[in-house]
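Heavy atoms only: backbone and side chains are in, while hydrogens, waters and symmetry mates are out. Numbers here simply count residues along the sequence, with the first being 1.
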Amino acid sequence: MATTQHDADVIVVGAGPGGSTTAYHLARHGLRVLLLEKTEFPREKVCGDGLTPRAVKQLVKMGIDTSPEAGWLHNRGLRVIGGGVRLELDWPDLASFPNYGLVRTRLDFDDLLARQAVGAGVDLRTGINVLAPVLDDAGRAIGVTAESGPDKAPVTFHAPLIVAADGVSGRFPLAMGLAKREDRPIGVAVRRYYRSPLRHDDNYLESWLELRSKENPDKLLPGYGWIFGMGDGRVNVGLGVLNSSSAFGKTNYRRLLTDWLANTPEDWGMTDEANADGPILGAALPMGFNRVPHYTRGVLLVGDSGGMVNPFNGEGIAYAMESGELAAEVAVQALARSAGPERERALAFYPTELKSRYGGYYRLGGIFVKLIGRPEIMKMATRHGMPHPLLMRFVLKLLANLTDPRGGDAMDRVINAMTRVAPAV
């Protein structure tokens, strides 16, 4: 049998948060890592730009300075608006997670993570558009084919293990025959930047549970909204709609956003097109493990590529980074073993551990998505839940997945018990 010359120990496809985190941890363990990104940095991404304490924990693990002096806007928690109530909920004080969140544009954020990976020894190649896997006779991925640069020169790289972190498009998993599961939740989000001197320097992330248009304020618009101050004179404003809503796929989401913003105070600056900083952009939110298996034939799926967005709150970055760290740990152990059944046994731990960590929680999230897709239930929950701060603190912990696994308070114990008894997705 011919021996393949490897260009790296692991090839990581995609240098978003999941890919760069995976590559960083692999390199820190001494592996040769090739990180392939189709675009050039810095580059724009559609996102709310808000990071919960889950994501902050991952940044700290990567040795990234998250201080305000390093360009991060800190926030204390979540401000929830709905049912005629405005409630500010601080992030919980836990042993397992920091008690602050962050805001930073994806233009800066992704570039920063990629540079951190390079600093750890990762070989980052930009302008490399990965097209498909290279398969051996048994159908196992042993490399990738790609196009390089503006002239699209064909190029091939080989490695004994591939990590697919190519985002919601999931082109690489699709090329491996892994299609999305239609029975799992998915959302669509649109966002836009506005110049807003009044709202830009906010120490809370702001979530709107009820959206109303100026023309018909008595009628609820579908979806949920957010306003996140960027600290640089701008705000990130957006909304999301889940596939449990009757409006999903049948709505002009960009028009929906401007309809809602037309009902906001004029001094916020979001009712005037002159204050807009760029176009309205949209993206899909693949939730609840909507692409499985997360390991097959030499390929590990990380982040959005494996549908790991939290169904409760639409958060994807933290789970991309967490799954990237786990994928790196598994890969290191697997590559220390002989190729064949012994290595495959180690790699099979990756989907097993993902299911153990998130399966029950995502199952609950799927139920939550179906419930809030019904306007009458959402209206009742908002009206009767919002006036009770203690209940809303419980909801914050549940939606943000912020609990201590051991030694936590009564809320932590209830949430942890719920996720344990729920059948894993």
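- At least one donor-acceptor pair under 3.5 Å links the side chain of D166 to the backbone N or O of F172.
- Two residues are said to be in side-chain contact when any heavy atoms from C-beta on lie closer than 4.5 Å; N99 and L94 fail this criterion.
- At a threshold of 4.5 Å between non-hydrogen side-chain atoms, the residues N401 and F312 do not count as touching.
- Surrounding CD of E215 are more than 12 heavy atoms belonging to other residues, nucleotides or ligands, all under 6.0 Å away.
- For CZ of R28, the number of neighbouring non-hydrogen atoms (other residues, nucleotides, ligands) closer than 6.0 Å is 12 at most.
- A side-chain N or O of Y193 and one of D49 form a donor-acceptor pair less than 3.5 Å apart.
- A salt bridge links R199 to E206: at least one charged side-chain nitrogen sits closer than 4.0 Å to a carboxylate oxygen.
- In this pair, F289 and Y358 present their aromatic rings perpendicular. The plane angle is above 60°, beyond the 30 to 60° band.
- One N or O on the side chain of Y350 and one on the backbone of L301 form a donor-acceptor pair closer than 3.5 Å.
- Remark: D412 engages K397 in a salt bridge, criterion side-chain N to carboxylate O under 4.0 Å.
- Between N236 and R234 the shortest side-chain heavy-atom distance does not fall below 4.5 Å.
- Partners of R255 according to the salt bridge (charged side-chain N to carboxylate O under 4.0 Å, His left out) rule, which considers only residues two or more places apart in sequence or in another chain, are D259.
- With D110 contributing its side chain and R43 its backbone, the two residues share no donor-acceptor pair below 3.5 Å.
- The OG1 atom of T21 sits 8.5 Å away from the CD atom of E325 when rounded to the nearest 0.5 Å.
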| query | Does the side-chain contact (heavy atoms from CB on, under 4.5 Å) test come out yes or no for L281 and R191, once each step is laid out? | reply | CA-CA 6 Å; L281 299 176; R191 71 102 174 98; 3.9 Å; yes

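- Here the straight-line distance linking atom NZ of K57 with atom CE of M321 works out to 12.0 Å at 0.5 Å rounding.
- Between E315 and R54 there is no salt bridge, since no side-chain N of the basic residue sits under 4.0 Å from a carboxylate O of the acidic one.
- Taking every heavy atom of both residues into account, H74 and T66 meet most closely at NE2-O, 2.6 Å.
- Of the possible polar contacts, one joining the Q116 side chain to the M62 backbone as a donor-acceptor pair under 3.5 Å is found.
- Considering all non-hydrogen atoms of both residues, L34 and F157 come closest at CD2-CD2, 3.5 Å.
- Screening V235, T258, N275, N263 for a side chain to side chain contact (heavy atoms under 4.5 Å, CB included) with M270, the sole residue that qualifies is V235.
- Looking at Y204 and D90, their side chains do bring a donor and an acceptor atom within 3.5 Å of each other.
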Exercise for review: Before giving the answer on side-chain contact (heavy atoms from CB on, under 4.5 Å), spell out for L112 and W72 the whole-Å C-alpha distance, their side-chain angles and the decisive distance to 0.1 Å.
Suggested key: CA-CA 12 Å; L112 179 65; W72 299 89; 3.4 Å; yes

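- Remark: the E40 side chain and the T126 side chain contain an N/O donor-acceptor pair separated by less than 3.5 Å.
- Judged by distance alone, with hydrogens and angles left aside, the side-chain atoms of E266 form no donor-acceptor pair with the main-chain N or O of T271 at under 3.5 Å.
- Using a distance-only test at 3.5 Å, with no hydrogens or angles considered, a donor-acceptor pair links the side chain of T22 to the main chain of G18.
- Here the side chain of D111 pairs no donor or acceptor atom with the backbone of F41 at under 3.5 angstrom.
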Please walk me through it: do R106 and I317 pass side-chain contact (heavy atoms from CB on, under 4.5 Å)?
-> CA-CA 10 Å; R106 290 293 297 273; I317 289 176; 3.9 Å; yes

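- In summary, R79 and D202 engage in a salt bridge, as defined by a charged side-chain N under 4.0 Å from a carboxylate O.
- Salt-bridge check for R192 with E273: passed, with a basic side-chain N closer than 4.0 Å to an acidic carboxylate O.
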### Evaluation steps, side-chain contact (heavy atoms from CB on, under 4.5 Å), between L113 and L59
CA-CA 9 Å; L113 264 61; L59 291 170; 3.7 Å; yes

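- To the nearest 0.5 angstrom, I280 atom CD1 is 5.0 Å from L257 atom CG.
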